[in-house]
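Read the structure below first, then the notes.
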Amino acid sequence: MDPTQNPNPVYDIVILGASGFTGKYVVREALKFLQTPSSPLKSLALAGRNPTRLTQSLEWASRPNPPPSSVDILTADTSDPDSLRRLCTQTKLILNCVGPFRIHGDPVVAACADSGCDYLDISGEPEFMERMEAKYHERAQETGSLIVSACGFDSIPAELGLLFNSKQWEPPSVPNQIEAYLALESTKKIAGNFGTYESAVLGVANAEKLKELRRSRPRKPRPSIHGPPAKGPTLENQKKIGLWALKLPSADAVVVRRTLTTLTEKPHGLPGLNESPDQIQKREAFWSAIKPAHFGVKITSKSLFGIFRYVTLGVSLGLLSKFSFGRWLLLKFPSVFSLGWFQKKGPSEEEVESATFKMWFIGRGYSEESLVSEGKTKPDMEIITRISGPEIGYITTPIALVQCGLIVLGQRESLVKGGVYTPGVVFGSTDIQQRLEDNGISFEVISKNKIQD
């Protein structure tokens with residue numbers, strides 16, 4: 001631990017940005033585990049710029065009960081580094097919900113990396129995540145600050161879904177490609193999170209910056225995958241799951257690739273701060289069963305009109321995000337450019353409660369590892385798995401973030417000392433899957449089949 005860090009912080013967790021639309025749902029989820037018998041979460045505070053709004057958020061999240069008097073309200077602003085440094089001395093862990101992260105995230109990560117405070121967020125912004133790794137990984141390793149982005153719907157289901165599918169390939173079989181197919185469902189209209197939309201607009205606008213960042217960094221070893229990547233169509237009618245599917249440039253694919261790259265360098269995962277021999281054996285056994293695969297994500301719809309909606313949004317983002325006036329239009333009229341999918345005011349509670357997701361993982365590979373070395377590059381085996389759960393932005397995201405937070409609090413000795421990492425490589429070998437299943441997110445093996453020519 002860094003000598004500047006308070007050895008006895010007042011709070012286990014501080015939720016930063018707790019009055020935002022997603023933030024208040026994170027508060028609601030965290031309260032379920034505050035001071036319950038088996039939970040490591042004994043003390044909680046909410047932080048943000050406006051104490052009145054934070055108090056309202058706590059009241060909303062506590063319903064139908066009165067707000068717990070033990071939860072403190074703290075003032076902190078991402079544009080005030082001193083307030084962030086103060087926050088880091090008061091807590092073991094910050095859950096950051098203040099997006100877009102490329103605008104507001106850097107000062108928070110910097111304060112955590114300097115102080116040794118642990119940090120999790122719900123960012124789905126590749127340029128922000130990779131920039132944080134480039135800037136703060138070494139400092140965070142020194143101070144013992146564990147920094148993990150993408151602990152929400154981006155990218156916990158994709159990371160754990162890939163690992164779950166990969167584990168089903170028992171020797172001598174090996175995967176070649178695992179593709180994720182995301183289906184969003186609702187009994188009412190599907191309503192997107194404006195913060196997600198804003199991040200997408202800025203992500204497309206800053207695509208060149210991400211390319212520059214990658215060019216400036218040393219090349220890392222690539223995972224050794226059995227067989228070449230298959231060139232699939234951009235649009236397909238995936239008969240196995242009865243849905244149309246459109247290939248998507250996604251944060252999930254970037255995060256999964258970073259996890260697989262880390263595992264190429266550290267095939268037994270990340271050694272913990274103070275692991276027991278049993279924990280070391282469990283971690284090494286888990287990661288030795290994981291085989292890397294080419295990975296991609298597709299968004300699905302039952303109808304071609306649904307796909308047209310996604311295409312319209314993609315074309316609008318691609319054409320308009322490059323110019324400041326175009327960005328202004330996109331952010332001023334989100335409902336127009338997404339054909340009603342995203343709105344500034346966010347979805348109603350009824351819309352949130354009525355939504356669900358399914359994410360299929362279709363893995364193709366070889367029944368015998370030796371087939372590849374014999375020059376047979378066409379897969380002869382297929383394994384389909386699926387993750388299902390509640391609405392993605394306001395229910396699944398808080399569940400995933402809070403469970404990652406509880407693992408950091410309760411199992412800190414078995415996690416890596418510090419550094420900037422992806423969630424898959426930090427949490428993959430913990431009990432995260434079981435925790436998600438206990439909280440309404442299911443993992444299933446759908447089928448294992450030989451592929452007939």
Side-chain angles (χ1 to χ4, degrees), residues 100 124-127 153-155 157-158 161 177-208 210-211 229-257 294-344 346-347 351 355-362 386 391-393:
E125 303 168 38
E127 193 253 347
F153 184 79
D154 288 327
S155 292
Q177 183 159 21
I178 298 172
E179 284 195 293
Y181 293 78
L182 173 61
L184 304 176
E185 298 168 356
S186 178
T187 53
K188 299 187 183 295
K189 72 175 180 121
I190 292 171
N193 178 336
F194 179 74
T196 305
Y197 176 82
E198 188 178 18
S199 294
V201 171
L202 294 170
V204 176
N206 288 285
E208 281 307 311
L210 178 56
K211 286 179 187 165
K231 289 275 188 283
T234 301
L235 175 66
E236 66 170 315
N237 184 0
Q238 178 47 262
K239 294 184 173 61
K240 296 272 166 53
I241 55 176
L243 295 167
W244 289 91
L246 181 71
K247 199 178 281 186
L248 202 63
S250 101
D252 284 343
V254 174
V255 172
V256 165
R257 279 197 287 274
H294 303 290
F295 181 75
V297 179
K298 295 186 175 183
I299 188 92
T300 70
S301 175
K302 287 175 181 162
S303 70
L304 277 172
F305 173 72
I307 293 291
F308 172 71
R309 227 172 154 180
Y310 295 129
V311 170
T312 304
L313 177 58
V315 169
S316 302
L317 289 175
L319 291 177
L320 295 174
S321 292
K322 299 282 194 291
F323 317 101
S324 58
F325 179 65
R327 289 193 293 278
W328 179 83
L329 281 174
L330 286 166
L331 296 173
K332 183 82 175 164
F333 306 107
S335 189
V336 173
F337 293 105
S338 65
L339 301 184
W341 199 22
F342 291 98
Q343 294 174 9
K344 269 202 163 166
E351 285 166 346
T356 57
F357 81 90
K358 289 188 175 74
M359 204 167 190
W360 281 267
F361 294 80
I362 300 183
R386 184 174 67 198
E391 189 279 334
I392 61 174

Please test Ile178 against Ile362 for side-chain contact (heavy atoms from CB on, under 4.5 Å), starting from the C-alpha separation and ending with a verdict. CA-CA 5 Å; Ile178 298 172; Ile362 300 183; over 6 Å; no

Evaluate side-chain hydrogen bond (donor to acceptor under 3.5 Å, both in side chains) for Tyr197 paired with Gln343, printing each intermediate quantity in order. CA-CA 9 Å; Tyr197 176 82; Gln343 294 174 9; over 6 Å; no

Residue pair Phe357, Phe153: steps toward the ring-ring contact (aromatic ring centres under 6.0 Å, His included) verdict
CA-CA 10 Å; Phe357 81 90; Phe153 184 79; 5.0 Å; yes

Chi angles and distances behind the side-chain contact (heavy atoms from CB on, under 4.5 Å) call for Val254, Phe295:
CA-CA 9 Å; Val254 174; Phe295 181 75; over 6 Å; no

| field | Derivation of the side-chain contact (heavy atoms from CB on, under 4.5 Å) call for Leu330 and Ser316 | value | CA-CA 8 Å; Leu330 286 166; Ser316 302; 4.1 Å; yes

Output, in order, the C-alpha distance, side-chain angles, deciding distance and verdict of side-chain contact (heavy atoms from CB on, under 4.5 Å) for Leu320 and Phe337.
CA-CA 10 Å; Leu320 295 174; Phe337 293 105; 3.5 Å; yes

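From Leu248, atom CG reaches atom CG of Leu182 across 8.5 Å, with rounding to the nearest 0.5 Å. Within the model, atoms CZ of Phe194 and OG of Ser199 stand 9.5 Å from one another, a figure rounded to the nearest 0.5 Å. One distance of note links CZ of Arg257 with CG of Asp252; it measures 10.5 Å at 0.5 Å rounding. Distance check, rounded to the nearest 0.5 Å: CD of Gln238 to NZ of Lys298 gives 7.5 Å. Between Leu184 atom CG and Thr300 atom OG1 the span is 7.5 Å, to the nearest 0.5 Å. Taken from CD in Glu125 to CD in Glu198, the straight-line distance is 9.0 Å, to the nearest 0.5 Å.
What you find for Pro126 and Leu210 is that their closest heavy atoms are CB-CD2, 4.0 Å. The two residues Pro229 and His294 come nearest to each other via the heavy atoms N-NE2, 3.4 Å. Residue Gly124 comes nearest to Asp154 through the heavy atom pair CA-OD2, 3.7 Å, listed as atom of the first residue, atom of the second, then distance. Here the closest heavy-atom approach between residue Phe361 and residue Ala180 is recorded as CE2-CB, 3.7 Å. Minimum heavy-atom separation, Ala183 to Trp360: CB-CZ3, 3.7 Å. Minimum heavy-atom separation, Glu236 to Tyr181: OE2-OH, 2.6 Å.
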Side-chain donor-acceptor pairs of residues 304-313 under 3.5 Å, sequence neighbours excluded:
from	atom 1	to	atom 2	distance (Å)
Arg309	NE	Leu339	O	3.3
Arg309	NH2	Leu339	O	3.1
Thr312	OG1	Phe308	O	2.8

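Side-chain contact between Val204 and Lys322 is present, with at least one heavy-atom pair separated by less than 4.5 Å. Looking at heavy atoms from C-beta onward, Met359 lies out of side-chain contact with Arg386 at the 4.5 angstrom threshold.
With hydrogens and angles ignored, the 3.5 Å screen pairs no side-chain donor or acceptor of Gln177 with any backbone N or O of Glu179. The main-chain N or O of Val297 is never found under 3.5 Å from a side-chain atom of Ser250 such that the two would form a donor-acceptor pair. Under a 3.5 Å cut-off, the side chain of Ser155 and the backbone N or O of Ala158 do not form any donor-acceptor pair. Side-chain atoms of Arg327 come within 3.5 Å of backbone atoms of Ser321 as a donor-acceptor pair (strictly under, hydrogens ignored).
Shown here are the side chain to side chain contact (heavy atoms under 4.5 Å, CB included) partners of Thr234, two or more places apart in sequence or in another chain: Leu246, Lys247.
Atom NZ of Lys344 sits in a crowded spot, with more than 12 heavy atoms from other residues, nucleotides or ligands closer than 6.0 Å.
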